[in-house]
Amino acid sequence: MKPAYFLIAIAIVMIFFIIELFNPFIKAISVSILLAVATNSFTHLLERKLKSRIIASSIMTIGLASIFFVPILYCIFSFANFFNHVNQESLINTLDGMKTYIQNFSSNLTYLKDLVDNVISKIDVGKIAENMFSLGAYLGKNSAKFMIDIVMILIFFFFFTLYSSSIVLFIKNLLPIKKEDSIVLFYESSNVMTVVLYSILVTAIFEGFLFGFFLTFFGYDGLLWGVLYGFASLIPVVGGVIMWIPIAVYESTTSLTNAIIIAVYSVLMITVIADTFIKPMIIKYINKKVVKTPTTINELLIFFSIVAGLSTFGFWGMIIGPAMVTFFISIMLLLKKYSEDFKDNVS
């Protein structure tokens, strides 16, 4: 047996045991690697400006925590606090009032009355209230675990960002392909994840600000609802609809005018103007100006890979999906290139 084959066999066995060893941290490590890759270009920019890799990595870690994780924790604690202090009887009365209002409102619309009555009859207000309080207990119980996961992601992200150049160089030297091909393999995936992450964050913050700031005029917690709308906007197709419809329905029980204003604003300002016209401009700007080399992957393919990633891997699938698809396409392109080179050499 050749020494290289023996070492490869040993390496495969050791990889299995290493995965078992770090199994509790696999998710945190995977997420932190993808985030480090996606933010790599901005980290290099900071490093050139500040002349220090460790300061640039520290700023990126603090920035990631402030922009991405702090809002999530704020939402969790806000809802946990709400469910711990809400009066169950008052909540049931409010839900009953909303149910009655919808039934009375639909009675004026003959073509909707039967459909609405059929749907309303299947709604168990007591069960809904019970589930809401169960959700509050679940959030409170798992908030500590979630905080630990966030801390681990941030720690791994810092070190992967700090030593990214050394890690990438080490992996490139291990790959049995040409140096320029390994650069293409890494940079194409990095560019796509950069475009996806930055465009998602910018549009989520922008749309969340538009929604949250507007709701402050109606007495709502603008920060909380803005953050919730920002995360809801990550869901393809339905997006922020799942946020403004319940609020409009709730407002309609006290003021139909407020409900109409909220609905019209959400549709026109956010769905039509922000999501349809401004969001593609943001993606195009990031693709052309932020990343070093604009990605050549079709934007429609990126969109479907985000949808598939969210469906398969949950929240972090928005990064994992495009990364997997891009990496696969890059490998296929390299296989095509090596196949053509082989044919040329044979002929």
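Heads up: numbering here begins at 1 and tracks the sequence.
- For I10, the side chain to side chain contact (heavy atoms under 4.5 Å, CB included) partners two or more places apart in sequence, or in a different chain, are F6, M14.
- Within the structure, every pair that satisfies the salt bridge (charged side-chain N to carboxylate O under 4.0 Å, His left out) test and touches residues 50-73, not counting sequence neighbours, is listed here: E47-R53.
- The hydrophobic clustering, which links ILVMFWY residues whose side-chain heavy atoms are closer than 4.5 Å, places L46 and I54 together.
- Checked options V264, N258, T257, I262; the residue passing with I260 is V264 (criterion: side chain to side chain contact (heavy atoms under 4.5 Å, CB included)).
- Heavy atoms of other residues, nucleotides or ligands lying less than 6.0 angstrom from CE of M269 number 12 at most.
- Looking at heavy atoms from C-beta onward, I270 lies out of side-chain contact with F206 at the 4.5 angstrom threshold.
- Atom CD in E207 sits 11.5 Å away from atom CD1 in I273 (nearest 0.5 Å).
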Evaluate F160 against V37 for side-chain contact (heavy atoms from CB on, under 4.5 Å), listing each step before the verdict. CA-CA 9 Å; F160 281 127; V37 171; over 6 Å; no
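- The number of heavy-atom neighbours closer than 6.0 Å to CD1 of I167, taken from other residues, nucleotides and ligands shown, is above 12.
- Separation of atoms CG (L45) and CG (L50) is listed at 9.0 Å; rounding is to 0.5 Å.
- With values rounded to the nearest 0.5 angstrom, F159 atom CZ is found 9.5 Å from T61 atom OG1.
- Applying the salt bridge (charged side-chain N to carboxylate O under 4.0 Å, His left out) criterion to E251, with sequence neighbours excluded, gives no partner residue.
- Under the 30°/60° scheme for interplanar angles, the aromatic rings of F209 and F213 are found to lie parallel.
- The CE atom of M60 sits 6.0 Å away from atom CZ of F42, with the distance rounded to the nearest 0.5 Å.
- In terms of heavy atoms, F157 sits closest to S32 at N-CB, 3.5 Å.
- Looking at residues two or more places apart in sequence or on another chain, you find a ring-ring contact (aromatic ring centres under 6.0 Å, His included) between F214 and F218, Y265.
- Within the 4.5 Å cutoff, side-chain heavy atoms of L154 are placed close to those of L64.
- Annotation for W225 and F211: closest pair O-CD2, 3.8 Å, computed over non-hydrogen atoms.
- A248 approaches A259 most closely through the heavy-atom pair O-CB, 3.1 Å.
- At a threshold of 4.5 Å between non-hydrogen side-chain atoms, the residues S164 and N40 count as touching.
- F22 meets the ring-ring contact (aromatic ring centres under 6.0 Å, His included) test with no other residue; sequence neighbours excluded.
- Through direct or relayed side-chain contacts under 4.5 Å between Ile, Leu, Val, Met, Phe, Trp and Tyr, F16 connects to V13, F17.
- The structure places CD1 of I15 at 13.0 Å from CD of E20, a figure rounded to the nearest 0.5 Å.
- Residues F156 and V31 have side chains not in contact (no heavy-atom distance under 4.5 Å, counting atoms from C-beta outward).
- When hydrophobic clusters are built by joining Ile, Leu, Val, Met, Phe, Trp and Tyr residues whose side-chain heavy atoms come closer than 4.5 Å, directly or via intermediates, I62 is not grouped with I59.
- The heavy-atom pair separating S66 from P71 by the smallest distance is O-CD, 3.4 Å.
- With values rounded to the nearest 0.5 angstrom, L215 atom CG is found 4.5 Å from I247 atom CD1.
- A36 approaches T161 most closely through the heavy-atom pair CB-OG1, 3.9 Å.
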